[in-house]
2 protein chains.
Amino acid sequence: MLNNRPGQSIPEETRQRVLEAARNLNYRPHASARALAAGRSDIVLLSIPDIPIGAGISRFIEGLAGALAAHKLTLVTHLAGAHGRPLPDVCAAVGASAVVGFESFDPATIKELHRAGAEVVLPSHAEHSYAMHPIGQIQAKHLIERGHQRLGYALTAHPGLASMARDRLGGVIEACAEAGLPAPLALATSLDADVAADAVARWSAEGVTAICAFNDETATAILAGMRAHGLTSPQDLAVIGVDDIPTARLADPPLTTIIFDMDQVVTRRAEAVLAGLAKTTDQSDQAWIDPQIVVRSST
Amino acid sequence: MLNNRPGQSIPEETRQRVLEAARNLNYRPHASARALAAGRSDIVLLSIPDIPIGAGISRFIEGLAGALAAHKLTLVTHLAGAHGRPLPDVCAAVGASAVVGFESFDPATIKELHRAGAEVVLPSHAEHSYAMHPIGQIQAKHLIERGHQRLGYALTAHPGLASMARDRLGGVIEACAEAGLPAPLALATSLDADVAADAVARWSAEGVTAICAFNDETATAILAGMRAHGLTSPQDLAVIGVDDIPTARLADPPLTTIIFDMDQVVTRRAEAVLAGLAKTTDQSDQAWIDPQIVVRSST
DNA sequence: GTGAAAGCGCTAACAT
DNA sequence: ATGTTAGCGCTTTCAC
């Protein structure tokens, strides 16, 4: 009866009474016991790589937690820092039946995760992670449409972000090629005004008139580097960032940036988890739908 | 033997061989079963309130995860967003034996958490959360030492941060009182240059010469508001933030800010968890040690 | 000191 | 359709 199966011979009213009594007694099904007996838990583990966490990622996490909660799944997050436990250990410890990450896991990790009890691991092998490539394309197109012929790309110094930067740069390269323009001049930068000033000098010397920055912080650094040379944006050098961080519109001049619709990504990921959990077999990769990416222009 | 108790009659070499064999077979003790039998898990659940997550909090999480991992405990994080599951549910679902949060939980939640299986819940009742008060004090002292006689305080518009802002403002008020100065003029601001400009006008009209901002983003907004009036910092109005966000030193002028030593906070929290788990009874609150808080001045 | 056995709190598969 | 029972994979306790 406590199984609460419907269509009982027991009168409905009585059933409700029992259920209410149980609630009043603060009864909780013991999750560990349940997981042990059923062989699966309702835990989904989200692994965050070692990257700076901003508003975007928080929204992603909370959105995913909400979408999964609607299906009685519980999301917990693990920050894959240097000193924490390895992901498979965490997976085993919480008894997660699904693990989702941002970028694709390497095959060895995937195998370990499955051994640790995860039925579904996402993103599966070849799936694009975060729509990095399209972001670069849109940045470049925005600048090209405004007449810029020679673009620069500002890479990030953060190691954990390097592969994302490469993906985004790829999009910029593609957009330049499609427009018949020379490839962008990609330069390493850091969150330091002097380093950024050097890059600015280099770009100026090469005739670059517009920069796609990896993100808004990088873009802010470039603005600072330009100030050191007495240059102003966008006249001397146009800059476009990514993320729309809170300080983006407070910059001088306000930053043009890329806004990223998390909800779509969230929904898609949640559905993938649900689908994977529904039928562990037949994990046909669904088609990746590019999320809505939009430019917020300050000009 | 698999219990791995020391001091066996079995030769050491054999023991190691067996252990290694187990490792090679990718054996993992099933966490749910272990938790069920032992009545406690090695999971610690960290609850993050609905506040913007930045580098500081990430460092806190990773540091705590590392400190606990050293004691064979696994940290997982839960973002208490609007649509996720309530904390006690998550606690029960992962079978956490400890729950740690940033601010004190209310008594009802604490009771529920214990019922959900948590042996220790931190911070316990009266404990200070995050050294908010001292931060405000140090901000104010820094400005007062530089000769400012009339301070302003810039509150944040973010609802989740309001109580922190009050605590920090309390520190500023105290520092002003101690120095025999009038109470600071606290004004609501938001991350919008126009709103900040209004606040700046008001402060100027009241003879305020220096602002303690709730955090670096608020401070950046004030700088933007000052630009709208053609004012420059620190001559016309000195501003000090909190957090040392990456863009702080990229601002024009570079922001003076408060740097917060996370390691100390982390260590203290980890120790509290360990102590609580060691003897569930006798939860005498340890003395709160103010963490090291230091000013990074741009001048 | 070593092995066997009895549960932990549930779920699922079974008889009735 | 209902009640009963056998485990899930461990830990702990109790005999040997």
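What you see is a predicted model, and the numbers here were worked out from it, not measured in a lab. In what follows, chains are A, B, ... by sequence order, proteins preceding strands, each numbered from 1. Quick note: numbers below take in every heavy atom, side chains included, and nothing from hydrogens, waters or symmetry partners.
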Q. Can you name the residues that form a side-chain hydrogen bond (donor to acceptor under 3.5 Å, both in side chains) with Ser163(A), not counting sequence neighbours?
A. Glu103(A)

**Q.** For Asp243(B), all residues meeting side-chain hydrogen bond (donor to acceptor under 3.5 Å, both in side chains), sequence neighbours excluded
**A.** none

Identify all side-chain donor-acceptor contacts of residues 61-88 of chain A below 3.5 Å with residues at least two apart in sequence or on another chain.
from	atom 1	to	atom 2	distance (Å)
Thr74(A)	OG1	Arg85(B)	NH1	2.8
His78(A)	NE2	Arg85(A)	O	3.4
Arg85(A)	NH1	Thr74(B)	OG1	2.7

Q: Mind running salt bridge (charged side-chain N to carboxylate O under 4.0 Å, His left out) on Arg28(B) and Asp89(A) for me, showing each step along the way?
A: CA-CA 9 Å; Arg28(B) 289 220 186 233; Asp89(A) 285 13; 2.8 Å; yes

**Q.** End-to-end axis angle, where each axis spans five pairs of the helix from dG1(C)-dC16(D) to dC14(C)-dG3(D), to 10°
**A.** 50°

Q. If only side-chain N and O atoms of Arg34(A) are considered, is one of them under 4.0 Å from the OP1 or OP2 phosphate oxygen of dT11(C)?
A. yes

Q) What residues, two or more places apart in sequence or in another chain, satisfy side-chain contact (heavy atoms from CB on, under 4.5 Å) together with Ala33(B)? A) Leu36(A), His30(B)

Q: Could you pull out the closest heavy-atom pair between Phe102(B) and Pro123(B), with the gap in Å?
A: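 Closest approach of Phe102(B) to Pro123(B), heavy atoms only: O-CG, 3.8 Å.
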
(Q) Is it the case that the side chain of Asp167(A) and the backbone of His133(A) share a donor-acceptor pair, with hydrogens and angles ignored and the cut-off at 3.5 Å? (A) no

(Q) Tell me whether Arg168(A) contacts the main-chain N or O of Leu155(A) through its side chain, where contact means a donor paired with an acceptor under 3.5 Å. (A) no

Q | Distance, rounded to the nearest Å, where Arg40(A) contributes CZ and dG9(D) contributes C1' | A |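 In whole Å, dG9(D) C1' and Arg40(A) CZ are 19 Å from each other.
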
Please list, pair by pair, any protein nitrogen or oxygen found under 3.5 Å from a nitrogen or oxygen in nucleotides 6-8 of chain D.
from	atom 1	to	atom 2	distance (Å)
dC8(D)	O2	Ala37(A)	N	3.3

